[in-house]
**Student:** 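Dropping a structure here in structure tokens format, bear with me for questions.
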2 protein chains.
Amino acid sequence: MEAINLTEKQKQLVEKLGVNTEKEGMPPAPARIMALLMISPELELTFDQIRETLNLSKSATSNALNMLMNTDRIDYITKSGDRKRYFKNRIGSWKESIQQSFHKLERGADLLEEILENRPQHTVDFNENLKDIISFMRYVTKKLPTIYAEWQENRE
Amino acid sequence: MEAINLTEKQKQLVEKLGVNTEKEGMPPAPARIMALLMISPELELTFDQIRETLNLSKSATSNALNMLMNTDRIDYITKSGDRKRYFKNRIGSWKESIQQSFHKLERGADLLEEILENRPQHTVDFNENLKDIISFMRYVTKKLPTIYAEWQENRE
DNA sequence: AATTTGGTTCTCTTTTTTGAGAACTAAAAA
DNA sequence: TTTTTAGTTCTCAAAAAAGAGAACCAAATT
């Protein structure tokens, strides 16, 4: 048995965060793995520790881990003289993740812009609202560095 | 035939925005309806106009429309002496929608806070990162009114 | 009273997603 | 060379999501 010991509370949090992550569009198994790597007291877990803690099959574990690595959501380290990989949360790169999510917002604004360009000239109010949404989205993304800088100064 | 006429470009945009909306976790039929109500030159469409333009069955149309109304994503108006409902995009309430998405962010921060409270005291770096993420999320949501006010002043 | 309108709801398929488990593989160890 | 380790990949089944179409229904019309 390789499963790691979690308190009831921790198990419950894995499910809660897992469901939350599923709602963000992540499939169940990867969502649980991400949650586990956020809640586990041990930060670096092997394939089998993950597999047995979450009661997943080998295939589900393998596919989920690879998917999470391809999308830069997890990472792994190795230890010399040990063939196993130790998977871990990429929490250290949260700034990059946030930048990425703002980048997604920009691409959303681009799509809305394309829609705006293809709207008829009448429907004036509608088009104005659409223009405002786009403008606001772009403003927010433009301000991200400022917001970040302010946060860093005021940080308690 | 009640279907409304869309140019090829408009049809293509309905699909593009539809897929985009699906990726946000919306099922296909509701995603297409939302997209249609964003792209259609006519702003208020009847049940049958939607159904025929998108080639949906009555059940799919009915379920999707009700789901979108329950989640405050669309709305309808009526015209006196006309039993039909005219469904429309709630673009006018985009500010509320944005507030809502920031509110979601706050609930995300609450969940992370709960996780932080259940982390062991060692894993210092990890916990610090988590603290920073939470702090930043809260800072952003707190600043929303300011950001909005700034945007309104600088608006071109 | 009978029919039409504007949907809603039920049943049943089809399709898609998810994951189990066995077979397999490459590198390392024995 | 044989075995073990640390996974990967393949095949298949179960389950969940999506949607078609018919039956149904209440209000309005004829």
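Basis for what follows: all heavy atoms, side chains included, without hydrogens, waters or symmetry-related copies. Protein chains get the first letters and strands the later ones, always in sequence-line order, with residue 1 at the start of each.
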**Student:** To the nearest Å, how far apart are B:Phe47 CZ and C:dT4 C1'?
**Tutor:** 16 Å

**Student:** Rounded to the nearest Å, what distance is computed from the CD1 atom of residue B:Ile50 to the P atom of nucleotide D:dG19?
**Tutor:**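 So the two atoms are 15 Å apart, to the nearest Å.
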
**Student:** Establish, for the pair B:Arg119 and B:Phe126, whether the NZ or CZ atom is under 6.0 angstrom from the six-membered ring centre and no further than 45 degrees off its axis.
**Tutor:**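 The answer is yes, since B:Arg119 meets both limits relative to B:Phe126.
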
**Student:** Ion pair present between A:Asp48 and A:Arg51, side-chain N to carboxylate O less than 4.0 angstrom?
**Tutor:**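 Looking at A:Arg51 together with A:Asp48, the answer is yes, because their closest N to O distance falls below 4.0 Å.
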
**Student:** Return the value, rounded to whole Å, for the distance between atom CZ of B:Arg51 and atom P of C:dT5.
**Tutor:** 14 Å

**Student:** Mind checking whether B:Trp151 and A:Phe136 have parallel, tilted or perpendicular rings, split at 30° and 60°?
**Tutor:** perpendicular

**Student:** When all nucleic acid strands are considered with a 4.0 Å heavy-atom cut-off, which category describes A:Asn66: base, sugar-phosphate, or nothing?
**Tutor:** sugar-phosphate

**Student:** Separation of B:Glu2 atom CD from C:dG7 atom P, in whole Å?
**Tutor:**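 The distance from CD of B:Glu2 to P of C:dG7 comes to 11 Å, rounded to the nearest Å.
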
**Student:** Answer yes when B:Glu15 and B:Arg32 have at least one side-chain N-carboxylate O distance shorter than 4.0 Å, and no when they do not.
**Tutor:**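 Counted as a salt bridge, because a side-chain N and a carboxylate O are separated by less than 4.0 Å.
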
**Student:** Give a yes-or-no answer on whether the side chains of A:Tyr86 and A:Gln49 include a donor-acceptor pair shorter than 3.5 Å.
**Tutor:** no

**Student:** May I have the distance from A:Lys84 (atom NZ) to D:dT4 (atom P), rounded to whole angstrom?
**Tutor:** 16 Å

**Student:** Regarding B:Tyr76 and B:Glu44, is there a side-chain donor-to-acceptor distance under 3.5 Å anywhere?
**Tutor:** no

**Student:** Just the rounded figure in Å: distance from P of C:dG6 to CG of B:Leu45.
**Tutor:** 15 Å

**Student:** Could you tell me how far apart B:Met67 (CE) and C:dT9 (P) are, to the nearest whole angstrom?
**Tutor:**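 After rounding, the reported distance stands at 16 Å.
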
**Student:** For B:Arg85 and C:dT8, is the shortest distance between a side-chain N/O and OP1 or OP2 below 4.0 Å?
**Tutor:** yes

**Student:** Reading nucleotides 18-30 of chain C 5' to 3', which nucleotides get B (base under 4.0 Å from a protein heavy atom), which S (sugar-phosphate only), which -?
**Tutor:** SSBB-----BS--

**Student:** If I take atom CD in residue A:Gln49 and atom P in nucleotide D:dA6, what distance separates them, rounded to the nearest angstrom?
**Tutor:** 11 Å

